[in-house]
Enquirer: 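Could you have a look at this structure, given as structure tokens, before my questions?
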Amino acid sequence: MVKSMRLNIEYEHDIAINAFYWTPRSYREPLHYHASLEIGCCVSGEGEFYFGSKKYVVAPGDIFIVNHTERHIACSAEHNPSSYLFLNFDPGLLLEEDERLLLPFSIPSERFQNLIPSDSALATAIWPLMQSIWLELDRKLEGYQMMAKGLLLQIVSHLLRSCSTDIPPSEWREITDSFSNFRIISAYMQEHFNEPLDLEQLARMLHLSSSRVSRMFQEVLGRGFKDYLLLLRLAEARRLLVRTDMPVTEVCFASGFQSVSSFYRLFAGAEGISPMAYRNKYSGIAIFENELP
DNA sequence: ATTTCAGAGAATTCCTGGTG
DNA sequence: CACCAGGAATTCTCTGAAAT
């Protein structure tokens, strides 16, 4: 059994994306994994990239795709250490747009191609986008969060396109089919997150057991049902706090929370401040005049 | 408006039996 | 024999009332 550890990734910006340059050690560190998805591009040097028992030899320009289940680690050649630009990001960002964007990261490990060779059209398309994200997050000019997210969506759309054409239609069919249950649930949740919602109920929709559906979330998203539901509810709560003058208690129930105490606890856990403090901090900033209440 | 806490309830994990 | 789904056991989180 190979030793591996789960890392908890913290995001350093107002958007759940990190971009950073990194040089792997020249000895082999233990494998690790994390809930966030990752894309790495080798910019210089030599080395290897390990995924479980798979091993890739790395050259500058090569791009690596890391999903939330595979254990992995990069390693530099001693005489010529490699350097990478890495992006890691929360799968929730993709889910907000279209569940299918998660497909490139949900392909079974044995047929998952982690390496995009430097000379491929795909790598050529992705690399400048990665650099732009790094620049945006570094400079933090007005609207950089939207820029970064937009660029990320482009990158992942490129990936989606390429796997839909590279993988034989029959197999692609199989992969998208096994994904369809999740799409049904995810769509339902986005529509009904502000109502009481539990796994049992979702499981019934699919004629599956709740334990099965719980595992499905881990497999597809890398995070549990509760976590994902919370993500949706918090987004709505933030919006209501900033854009309306609804009392906090009302915001709580309107965004789907079932009790005020858990709302305060979870909100503070995510934002670090109480709902009212959040409103005071951000409500002065109206982006569009016509969205004022 | 916000926090606290014990009891209640739900989600996740582990285990087992069925299935190809 | 490997894989997958359901159910039991376990672990974790929420709820609701009361205090600040």
Side-chain angles (χ1 to χ4, degrees), chain A residues 1 4-8 33-36 52-53 67-71 91-92 95 106-112 170-171 173-186 188-190 192-284 293:
Chain A
M1 182 64 200
S4 68
M5 55 182 182
R6 186 186 169 96
L7 301 182
N8 198 20
Y33 67 107
H34 34 68
S36 63
S53 52
N67 69 18
H68 57 75
T69 56
E70 282 194 291
R71 276 71 172 152
L95 208 49
S106 303
I107 297 161
S109 176
E110 59 281 5
R111 76 169 342 288
F112 193 65
S170 59
E171 275 183 63
R173 196 55 199 270
E174 205 177 299
I175 292 166
T176 51
D177 279 358
S178 69
F179 201 70
S180 69
N181 271 346
F182 181 77
R183 293 194 67 189
I184 293 169
I185 286 198
S186 161
Y188 185 86
M189 285 176 75
Q190 296 191 29
H192 300 275
F193 67 88
N194 53 1
E195 303 163 21
L197 220 51
D198 62 71
L199 261 188
E200 199 65 45
Q201 175 189 350
L202 296 175
R204 267 199 303 273
M205 285 172 49
L206 299 178
H207 309 290
L208 290 170
S209 67
S210 58
S211 59
R212 184 68 205 90
V213 178
S214 175
R215 252 175 298 148
M216 190 162 85
F217 273 90
Q218 285 299 337
E219 287 159 15
V220 177
L221 256 193
R223 68 154 53 107
F225 159 72
K226 204 96 245 187
D227 254 27
Y228 177 45
L229 183 58
L230 178 62
L231 206 73
L232 297 173
R233 289 177 171 170
L234 282 175
E236 177 69 354
R238 281 191 227 102
R239 194 184 69 79
L240 291 174
L241 284 168
V242 174
R243 303 276 180 85
T244 74
D245 53 5
M246 241 184 230
V248 172
T249 309
E250 231 175 281
V251 169
C252 157
F253 293 112
S255 38
F257 291 89
Q258 302 301 304
S259 84
V260 228
S261 53
S262 57
F263 175 56
Y264 278 103
R265 181 171 39 78
L266 296 165
F267 193 92
E271 295 297 331
I273 53 180
S274 72
M276 202 56 193
Y278 184 89
R279 166 172 279 163
N280 292 333
K281 187 170 170 190
Y282 293 108
S283 61

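Just so you know, these numbers use all the heavy atoms, side chains as well, and skip hydrogens, waters and symmetry mates.
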Enquirer: Nucleotide by nucleotide, 5' to 3', does protein get under 4.0 Å of the base (B), only the sugar-phosphate (S), or neither (-) in nucleotides 1-9 of chain C, counting heavy atoms?
Expert: ----BBB--
Enquirer: Between residues 225-233 of chain A and DNA chain B, which residues have a heavy-atom gap below 4.0 Å?
Expert: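 Heavy-atom cutoff 4.0 Å gives F225(A), K226(A).
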Enquirer: Given atom CE of M216(A) and atom P of dT12(B), what is their separation to the nearest angstrom?
Expert: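 My rounded result for the distance is 12 Å.
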Enquirer: In whole angstroms, how far is the C1' atom of dA11(B) from the CG atom of L197(A)?
Expert: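 Going from L197(A) (CG) to dA11(B) (C1'), I get 13 Å.
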Enquirer: Mark yes or no for whether R279(A), through its side chain, and S274(A), through its backbone, hold a donor-acceptor pair below 3.5 Å.
Expert: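 Answer holds: no.
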Enquirer: Measuring from atom CG of L197(A) to atom NE2 of H192(A), what distance do you get when rounded to the nearest 0.5 angstrom?
Expert: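 Going from CG on L197(A) over to NE2 on H192(A), the span is 8.5 Å.
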Enquirer: Give me the atom names and distance for the closest heavy-atom approach of P91(A) to S36(A).
Expert: CD-CA, 4.2 Å
Enquirer: Counting heavy atoms from C-beta on, name the nucleotide in dA1(B), dT13(B), dT2(B) closest to the side chain of T249(A).
Expert: dA1(B)
Enquirer: Side-chain contact test, heavy atoms from C-beta onward, threshold under 4.5 Å: evaluate it for E219(A) versus F182(A) and give yes or no.
Expert: no
Enquirer: Taking salt bridge (charged side-chain N to carboxylate O under 4.0 Å, His left out) as the cut-off, I'd like each qualifying pair that reaches into residues 224-238 of chain A, sequence neighbours left out, listed once.
Expert: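 The answer is R223(A)-D227(A), E236(A)-R239(A), R238(A)-E271(A).
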Enquirer: May I have the distance from E200(A) (atom CD) to dA11(B) (atom P), rounded to whole angstrom?
Expert: 8 Å
Enquirer: dT12(B) C1' sits how many Å from E219(A) CD, rounded?
Expert: 13 Å
Enquirer: If I take atom CG from residue L230(A) and atom OG from residue S262(A), how far apart are they, to the nearest 0.5 angstrom?
Expert: 9.5 Å
Enquirer: Between the two end axes of the helix from dA1(B)-dT20(C) to dG20(B)-dC1(C), each built from 5 base pairs, what angle do you get to the nearest 10°?
Expert: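 End-to-end axis angle for the helix from dA1(B)-dT20(C) to dG20(B)-dC1(C): 30°, rounded to 10°.
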Enquirer: Once you round it to whole Å, what is the distance between C1' of dG16(C) and CZ of F253(A)?
Expert: 10 Å
Enquirer: To the nearest Å, give me how far apart CG (L199(A)) and P (dT13(B)) are.
Expert: 12 Å
Enquirer: For the side chain of P275(A), starting at C-beta, report the closest nucleotide among dT15(C), dA11(B), dT2(B).
Expert: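 From the listed options, dT2(B) comes nearest.
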Enquirer: Please work out whether the ring planes of Y228(A) and F217(A) are parallel, tilted or perpendicular, with thresholds of 30° and 60°.
Expert: tilted
Enquirer: Could you state the atom-to-atom distance from CG of L221(A) to C1' of dA11(B) in whole Å?
Expert: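 Going from CG in L221(A) over to C1' in dA11(B) covers 15 Å.
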Enquirer: Check whether any side-chain heavy atom of Y188(A) lies under 4.5 Å from a side-chain heavy atom of I185(A), and answer yes or no.
Expert: no
Enquirer: Quick one: does E70(A)'s side chain have a donor or acceptor within less than 3.5 Å of a partner on H68(A)'s backbone?
Expert: no
Enquirer: Could you list by number each residue of residues 259-273 of chain A showing a heavy-atom separation from DNA chain B of less than 4.0 Å, or answer none if no residue does?
Expert: S261(A), Y264(A)
Enquirer: With a 4.5 Å cut-off on side-chain heavy atoms, are S186(A) and L95(A) touching?
Expert: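 Sidechains of S186(A) and L95(A): in contact.
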Enquirer: Mind checking the CZ-CD1 spacing from F179(A) to I184(A)? Nearest 0.5 Å is all I need.
Expert: 12.0 Å
Enquirer: Pairs under 3.5 angstrom only: tabulate donor-acceptor contacts from the side chains of residues 199-210 of chain A to other protein residues two or more places apart or in another chain.
Expert:
unit_1, atom_1, unit_2, atom_2, d
Q201(A), OE1, D198(A), N, 3.3
S209(A), OG, S211(A), OG, 3.2
S209(A), OG, R212(A), N, 3.2

Enquirer: Of F267(A), Y264(A), F263(A), which is the lone residue that meets ring-ring contact (aromatic ring centres under 6.0 Å, His included) with F257(A)?
Expert: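 Single pass found, and it is F263(A).
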Enquirer: Can you tell me how far apart NE2 (H34(A)) and CZ (R71(A)) are? Round to the nearest 0.5 Å.
Expert: 11.0 Å
